[in-house]
Amino acid sequence: MVRNKSACVVLLFSLFLSFGLLCSAKDFPGRRGDDDPSKRYEDCRRRCEWDTRGQKEQQQCEESCKSQYGEKGQQQRHRPEDPQRRYEECQQECRQQEERQQPQCQQRCLKRFEQEQQQSQRQVQECQQHCHQQEQRPEKKQQCVRECREKYQENPWRGEREEEAEEEETEEGEQEQSHNPFHFHRGSFQSRFREEHGNFWVLQRFASRHPILRGINEFRLSILEANPNTFVLPHHCDAEKIYLVTNGRGTLTFLTHENKESYNIVAGVVVGVPAGSTVYLANQDNKEKLIIAVLHRPVNNPGQFEEFFPAGSQRPQSYLRAFSREILEPAFNTRSEQLDELFGGRQSRRRQQGQGMFRKASQEQIRALSQEATSPREKSGERFAFNLLSQTPRYSNQNGRFFEACPREFRQLRDINVTVSALQLNQGSIFVPHYNSKATFVILVTEGNGYAEMVSPHLPRQSSYEEEEEEEEQEKEQEEERRSGQYRKIRSRLSRGDIFVVPANFPVTFVASQNQNLRMTGFGLYNQNINPDHNQRIFVAGKINHVRQWDNQAKELAFGVSSRLVDEIFNNNPQESYFVSRQRQRASE
């Protein structure tokens, strides 16, 4: 009997000691997960549940955990893994701040996102370098490279990133891409509607990147992406809009106060939609996404626009639900029960639960929506729509084509006062250096990759428009005078989904990579006091360049050499204008 009691005592003591060691081991330094605040916070909370008696004592214990680990641990526990998600949450926090503080907050979010993007690119390069060193078979090497991109460069809008353009050395005086106010990465878009069947992204305001872009700050650019067989809810907007289709096919229908317009849309179709017109769309394709770039010119607040949905559930809501029953019942001559069923009843909410701006539709519904649609005419005779890619190219040769539609030729563009363009650059080709006299061009890369080189004055420090207004006028003028006549080269690698802004009179060139064609669309934007008909595109190279027209004396005085040498250089490409091939130049070296 004594022996049994001794054994029980030893057993109980051993269990108690083991339990104590296990509890203390949770905070033992050097243990795996010791540096993870979220792990330590959760362990602390569990101990509170095990070791405390009563709800009050447990709450006090959990408060202690929170003060020691909680704030950092909770942030890390809820921190999304996707950098894009983190960027969007950061932007949402910025929108909760005072309006004056929002641009600086957005800049911090973007800087953090771009740093993460750079880290991701370095990881991809290291991973791909490992692939080239370790894998001998071409198919295995390609698979390894693809897996590197999938692992480190996930992006919900672009999908797989295209092959990077060939490495270009960064030269002295080049503006690094991470501090480039003219290059807007995918992370510069804010998600208004991110849903299962589609997305609606809005680019941050232009002047939030640099005050030199404040002349176009009244415009906003967005991307609408609808999955196959998807319907986009009817809505109107407090902005004049230009829809430019970049991928897929579908139907766009809108209603003005006069009539109804419905168009079959494909890549290259441009549709002008007046402010206040109700619009709805459908993706006709069974496989491809319908992607549309939408340019907005708001009619209420410059640079700010809102959508209004007459039908919806929780997000978006129907704006009709905001009216009182005392208004709706006589206005619709309908009983309140039916109104509840339509706008806010239980069955209605249950029917629309989980649905948003984008709704999955049957093929029969899609076909019915497209029955009355017409295809835009090739020329400008259509009232609201035309196909940009069906026009005669403004510039064209074997290396590339450039399409352009201007307000003086297309009345669809007059209300918003914008030029629409498309560039198709064959692999290894260059769109020769040029500049626009009045228009600032916002370029969207739709296919392939390459890079842009632009000449920029040594601009003042990067800041928001609001910060710029606070600077002393005298200091700004002195800085401009000191930097006058000095330039830097800005080089930006461009991939699908990137935005590049070219201010008026900034010389620029675009180059396609050696292994892929480069496709881009663009909007030429004008200050409200400028007549778009007066814009001129001036080439500084190629067969038609302005230096050829200088007087000989001007050439000699400007370059300090004989006019003959100037002519030899600027007239050295008599057969090629607008687009040239890099391969020919390399072959002649």
Side-chain angles (χ1 to χ4, degrees), residues 84 87-114 157 178-194 199-224 237-242 244 275 292-307 416-418 439-444 456 459-471 490 492 497-504 506 522-530:
Q84 173 65 30
Y87 176 79
E88 290 174 3
E89 290 186 0
C90 184
Q91 291 282 29
Q92 290 176 359
E93 294 175 1
C94 291
R95 286 193 286 271
Q96 296 174 2
Q97 297 183 9
E98 295 181 4
E99 186 174 355
R100 185 179 183 83
Q101 297 175 345
Q102 289 182 12
Q104 295 93 324
C105 180
Q106 292 172 351
Q107 279 293 105
R108 291 193 295 270
C109 295
L110 180 63
K111 184 177 180 180
R112 188 158 56 243
F113 175 79
E114 290 178 340
W157 181 54
S178 60
H179 303 293
N180 183 350
F182 308 104
H183 188 175
F184 292 76
H185 297 274
R186 171 64 193 88
S188 304
F189 284 87
Q190 302 168 8
S191 174
R192 284 204 180 178
F193 296 93
R194 187 175 183 179
N199 299 291
F200 184 63
W201 312 88
V202 181
L203 187 67
Q204 68 181 102
R205 298 185 69 172
F206 295 107
S208 66
R209 298 294 294 274
H210 205 285
I212 197 170
L213 302 179
R214 63 192 178 193
I216 62 171
N217 207 37
E218 62 179 311
F219 295 93
R220 294 297 293 273
L221 180 66
S222 66
I223 300 294
L224 187 147
C237 185
D238 60 343
E240 304 282 352
K241 295 190 290 186
I242 295 293
L244 174 54
I292 305 176
V294 188
L295 183 71
H296 305 254
R297 190 168 198 168
V299 296
N300 286 326
N301 297 320
Q304 297 181 3
F305 68 92
E306 296 290 340
E307 303 86 11
I416 197 169
N417 205 24
V418 64
T440 293
F441 268 83
V442 177
I443 307 296
L444 167 65
S456 169
L459 301 172
R461 64 180 178 84
Q462 183 172 331
S463 62
S464 68
Y465 180 31
E466 288 77 5
E467 287 180 305
E468 181 73 9
E469 286 186 318
E470 294 178 357
E471 294 181 359
I490 294 179
S492 291
D498 284 348
I499 302 289
F500 191 75
V501 181
V502 185
F506 279 41
F523 297 97
L525 311 182
Y526 304 87
N527 189 291
Q528 58 183 356
N529 298 322
I530 293 177

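Treat the numbers as computed from the prediction; the structure is a model and nothing was measured. Throughout, residue positions are numbered sequentially from 1 according to the sequence presented.
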Apply side chain to side chain contact (heavy atoms under 4.5 Å, CB included) to Phe206 and Arg214, showing your working.
CA-CA 7 Å; Phe206 295 107; Arg214 63 192 178 193; over 6 Å; no

Evaluate the side chain to side chain contact (heavy atoms under 4.5 Å, CB included) criterion for residues Val502 and Phe182: first the C-alpha distance (whole Å), next the side-chain angles of each, then the deciding distance (0.1 Å), finally the verdict.
CA-CA 7 Å; Val502 185; Phe182 308 104; over 6 Å; no

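No side-chain heavy atom of Phe441 sits less than 4.5 Å from a side-chain heavy atom of Phe500. Side-chain contact between Arg194 and Trp201: present, with at least one pair of heavy atoms (C-beta onward) separated by less than 4.5 Å. Ile443 has its side chain out of reach of Val501: every pair of non-hydrogen atoms, C-beta onward, lies at least 4.5 Å apart. The side-chain heavy atoms of Leu525 and Val418, taken from C-beta on, include a pair separated by under 4.5 Å. Within the 4.5 Å cutoff, side-chain heavy atoms of Phe523 are placed close to those of Leu221. Residues Ile242 and Val294 form no side-chain contact, since every pair of their non-hydrogen atoms from C-beta on lies 4.5 Å or further apart. Taking the side chain as every heavy atom from C-beta outward, His296 and Phe219 never approach each other to under 4.5 Å. Between Leu203 and Ser222, every side-chain heavy-atom pair lies at or beyond the 4.5 Å cut-off.
Shown here are the ring-ring contact (aromatic ring centres under 6.0 Å, His included) partners of Phe193, two or more places apart in sequence or in another chain: Phe309. With sequence neighbours excluded, no residue forms a salt bridge (Lys or Arg N to Asp or Glu O under 4.0 Å) with Glu240. Legend: residues meeting salt bridge (Lys or Arg N to Asp or Glu O under 4.0 Å) with Arg297, ordered by chain and number and at least two apart, are Glu218.
Closest heavy-atom contact between Leu213 and Pro503: CD2-CG, 4.2 Å. Contact between Arg209 and His183 at its shortest, heavy atoms only, is NH2-O, 3.0 Å. Minimum heavy-atom separation, Ser456 to Phe506: OG-CE2, 3.7 Å.
Between the Asn217 side chain and the Ala207 main chain, a donor and an acceptor come within less than 3.5 Å of each other. Looking only at distances, a side-chain donor or acceptor of Asp238 sits under 3.5 Å from a matching main-chain atom of Glu306. With hydrogens and angles disregarded, no donor-acceptor distance shorter than 3.5 Å links the side chain of Arg220 to the backbone of Pro298.
We find the CD1-CZ distance between Ile223 and Phe200 to be 9.5 Å, quoted to the nearest 0.5 Å. In this structure, the separation between OG on Ser188 and CD on Gln204 is 4.5 Å, given to the nearest 0.5 Å. In this structure, the separation between OG on Ser191 and CG on Asn199 is 6.0 Å, given to the nearest 0.5 Å.
Cation-pi geometry between Arg192 and Phe305 is satisfied (NZ or CZ under 6.0 Å from the ring centre, within 45° of the ring normal).
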